[in-house]
Amino acid sequence: MEWPKMTTLRLVEYFRTQVRQDPEVPSAVAAIRTLLEFLKRDQSETILGLRENLTQTIRRLEEADSSVAVSSGGELFLRFISLTSLEHPDLSQCKKVMVERGELFLKKISLSRSKVAKLCHTFIKDGAKILTHSSSRVVLKVLESAAADKKRFTVYVTESQPDSAGRQMADKLQNLNIPVTVVLDAAVGYIMEKVDLVIVGAEGVVESGGIINKIGTYQLAVCSKAHNKPFYVVAESFKFVRLYPLNQQDVPERFKYKADTLKAVEDLAEEHPMIDYTPPSLITLLFTDLGVLTPSAVSDELIKLYL
Amino acid sequence: MADCGEPDGPGNKDDITRSKNEGKELTKEEKQRLRKQKKHQKKQKERKNEKGPSETEKDKTPVSLLPPPQPVATQKAPSALPAPASAPIPVPASAPFHSSPAPSPADKPAKSKAELKAERRARQETDRAAKQPGSSSSGIKTKVPLSELNPVVKRLPEHVQVDDPAVVKRLAKKLERQQTLPYGASNKIPLRSDYGYKVSLFSHLHQYSRKAPLTQLLSIPSTVIHPSIVRLGLQYSQGIVAGSNARSVALLHAFKQVIRDYTTPPNEELSRDLVNKLKPYISFLNQCRPLSASMGNAIKYIKKEISNIPSQCKEEEAKTKLLTCIDRYIEEKIVLAAKAISKYAIEKISDGDVILVYGYSSLVNNILCEAFEKSRKFRVIVVDSRPRLEGREALRRLVQRGISCTYVLISALSYILPEVSKVFLGAHALLANGYVMSRVGTSQIALVARTYNVPVLVCCETYKFCERVQTDSFVSNELDDPDDLMVTRKGKTQLENWQDVSSLGLLNLVYDVTPPDFVDLVITDLGMIPCTSVPVVLRVKNLDQ
């Protein structure tokens, strides 16, 4: 069947519709769905050409949405489908196998969020006070399952400027009838002695076991370490990315700012970065669909995933 | 020489000694065969009791270590000479050690002076008795048959315990059984004696003097050790070849020469015999300077390659195959690995960086030169320390390329560190628990860098990863010549007579271990990994093999 080839514009459009239609879906999943569509319609003659096109597509999607998750999800998708398909001599056969594996991958990762929630909610004890940062759908899912488990707890959410994402999180939590308070970003040190544990999401998990998340997470981690409060991270496995930042400056520019800012602004030194890097020494545990991991185990998992 | 007492001749001995030297590679059939041969040998010994002097006994001991026929004939003649000629004084009996390919470089026992004397006396006794045939042959029997009839080589423990005489004695006995040479002690690998007072915490390690290299004690011509190995040993002990990569490459080249000059003796298989030939060389090199982890891994690889040679393979073919294997190993594990590491490391070097390096690491130097070629703008601070002052070599090479450098001694470290943005360190070995073994002073640098929040990057090829676990620098280390610590300024050498002061010890450590908490990143040819992931890489490597 002759599908029309996807141009860049159509790609990005497709991606954006995906995100708009289902705001709950992780951006990486939307990206992978887009890639799958592209794969179905791709017309290259060789496997190498196919891979080239897919890599290019991932670049295009990154330009549309500069989050780390899109980049990591895309790369994992590529690895997952190309690990097997090289035996068949016929290209269309290969493509069929790749598409099948792609669908499988997609199905697996759609379930990852619930897996994470199932693992994590047991760590929330009755009467706990939880501090979280900005708006994360995974954390929301965790708190949802904890509430469904008839646990009573209160939540403090940081406001998380510059986009006040924390307030949206607070609204969603109120809809679940969970008592919630919004605190200023600057009040993290003040509130830390009251809370029992800190749970944050992640946009990306790096090779060292550290995380890349909304700006303000690093402060939160340092404060919780100083107060000896456990700092938990919840993230799906497709967010594991092959970066290794040594410090804040080492995070690549393309992740630090929103996609539009990157294109529009010339001198990035004036811009405020949207994300920061939290080193593994400050993280207690990571909850992923691969299990509950310590930061040093992340590298093992990455080696298994990527090598 | 009376060969008549032994109808089977060398063939029997070959089997036994071959199996004996193989140690753990014995199969069931081999063991059965060995047992039969042992019984046969016993009977023959009893028959020989009435005949021949002891020299013939010694001549008939393990054939697998016999060099080509001509020297044998000439050697047999001198051994018939009166006792004094065959009892050289400074050299004790059974020195060669079984060099287990295990990465631990500490595989060498030593005997105390009293034991050496006792052995020498015993040998003199036997030689004197040999002149009166039959009278004390029973006395000699106890030593020689014991070594011949013991089929299985016991592995020597990995720990060095020079200060425990009981352990030393036990090891000495095991060594004797492991390798006995056909002619007098002058041709055995001599034992190197320790030098000077050893600090009590490190008394379990060897401490040698550079002024007494092992090669001085070897007789000329030394038919046991190949000349290129003798040269290599001398280069190691004098510090001419230093640095783990350089030592491994030199070792592999020397082994290539050995393989080229090797001819399989009749009734022997190349795959087994060559491995046995290499053992005394490795023991010799170990005595000249303890083996490094990289050398240990290289030796493991070579031994594996040699034993994997099929028996039908012709000698010439086998030799070329081995030579290409070695070349490929050097190419892949050292040269190409360096390129891969440079590629990753260059990503971590940004413009305006101030990079601190310590001592001379060939790999780190390579990285910096490559980065400079890719027009990264950075400057380097070279930290150096006595007594080796290796940093000067690094400084020279970097400046030649045009990289702007600063040179400090390690005592100025906390002064210079606030300026530094990254620290690049080389490694001698990476241990299985994530600890980094490197030149002494490295853990110092990592510690201070950590307190200043400066990222520490360790660059190490995967062939230096070893399965050993160590949490401190005492358990296994190397003691260099203590005389190196003496320095002459304005004509005066302060520590000149340090040996006379009984309570004074000079400690010249070579290596130390850095815990993984101080290391931020390890760059290997497989990629960038955290220090705690070393065992994963080891696991992956073992799966590959």
Side-chain angles (χ1 to χ4, degrees), chain A residues 71-72 75-76 79 83 204-212 218-219 221-222 225-226 233 240-256 267-269 276-286 290-291 293-307, chain B residues 340-341 343-356 420-425 432-435 446 449-459 462 465 515-544:
Chain A
S71 145
S72 65
E75 209 183 314
L76 276 169
R79 271 188 192 274
L83 273 177
V205 180
V206 293
E207 274 193 77
S208 56
I211 59 163
I212 293 184
Y218 180 50
Q219 260 154 236
V222 174
K225 183 88 186 192
V233 173
F240 283 22
V241 66
R242 291 223 77 177
L243 272 179
Y244 204 125
L246 296 171
N247 46 30
Q248 304 297 339
Q249 315 309 323
D250 218 10
V251 180
E253 301 254 300
R254 63 180 199 272
F255 296 134
K256 276 198 211 168
D267 184 12
L268 286 168
D276 63 19
Y277 165 67
T278 308
S281 47
L282 302 172
I283 300 174
T284 322
L285 285 177
L286 284 116
L290 301 168
L293 307 171
T294 57
S296 27
V298 168
S299 168
D300 295 8
E301 292 298 325
L302 267 171
I303 291 179
K304 272 194 241 160
L305 279 175
Y306 276 98
L307 282 180
Chain B
I341 292 176
K343 192 169 67 97
Y344 291 120
I346 286 172
E347 289 171 31
K348 287 294 168 203
I349 299 177
S350 26
D351 288 342
D353 260 346
V354 179
I355 298 177
L356 186 132
V420 175
S421 64
K422 290 192 177 74
V423 177
F424 272 81
L425 300 172
N433 56 346
Y435 279 65
R450 162 63 76 209
T451 48
Y452 281 89
N453 272 323
V454 176
V456 174
L457 289 77
V458 171
C459 308
T462 47
F465 283 26
D517 332 328
F518 297 155
V519 177
D520 288 297
L521 172 60
V522 177
I523 308 182
T524 67
D525 36 321
L526 292 178
M528 297 191 271
I529 56 172
C531 223
T532 45
S533 286
V534 168
V536 181
V537 171
L538 281 171
R539 204 187 335 139
V540 167
K541 258 197 339 161
N542 286 338
L543 287 176
D544 283 344

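Throughout, protein chains are lettered first and strands after them, A, B, ... in sequence-line order, and every chain is numbered starting at 1.
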### Task
Please state whether the side chain, the backbone, both or neither of D300(A) comes within less than 4.5 Å of a heavy atom of chain B.
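Contact with chain B involves both backbone and side-chain atoms of D300(A).
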### Query
Is it the backbone or the side chain of P245(A) that comes under 4.5 Å from a heavy atom of chain B, or both, or neither?
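Contact with chain B involves the backbone of P245(A) alone.
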### Message
Could you work out, with side-chain hydrogen bond (donor to acceptor under 3.5 Å, both in side chains) as the rule, every residue matching S208(A), not counting sequence neighbours?
### Response
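Expected list: Y277(A).
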### Query
Listed by chain and number, what are the side-chain hydrogen bond (donor to acceptor under 3.5 Å, both in side chains) partners of K256(A), not counting sequence neighbours?
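With sequence neighbours excluded, K256(A) shows a side-chain hydrogen bond (donor to acceptor under 3.5 Å, both in side chains) to no residue whatsoever.
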### Task
Kindly give the heavy-atom pair with the smallest separation between I529(B) and Y244(A), and that separation in Å.
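Here I529(B) and Y244(A) meet closest at C-CE1, 3.7 Å.
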### Message
Looking at every non-hydrogen atom in both residues, tell me the closest pair between M528(B) and E207(A) and how far apart they are.
### Response
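Looks like O-OE1, 2.8 Å.
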### Query
Does the side chain of S296(A) pick up a donor-acceptor pair with the side chain of T532(B) at under 3.5 Å?
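No, no side-chain donor-acceptor contact under 3.5 Å.
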### Query
Which value, rounded to the nearest 0.5 Å, describes the distance between K422(B) atom NZ and D250(A) atom CG?
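Here the interatomic distance stands at 5.5 Å.
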### Message
Treating K348(B) as the side-chain partner and L246(A) as the backbone partner, does any N or O pair qualify as donor plus acceptor under 3.5 Å?
### Response
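Answer holds: no.
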### Query
Does the side chain of S299(A) come within less than 4.5 Å of V536(B)'s, by heavy atoms?
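The answer is no, as the side chains (C-beta and beyond) never meet within the 4.5 Å cut-off.
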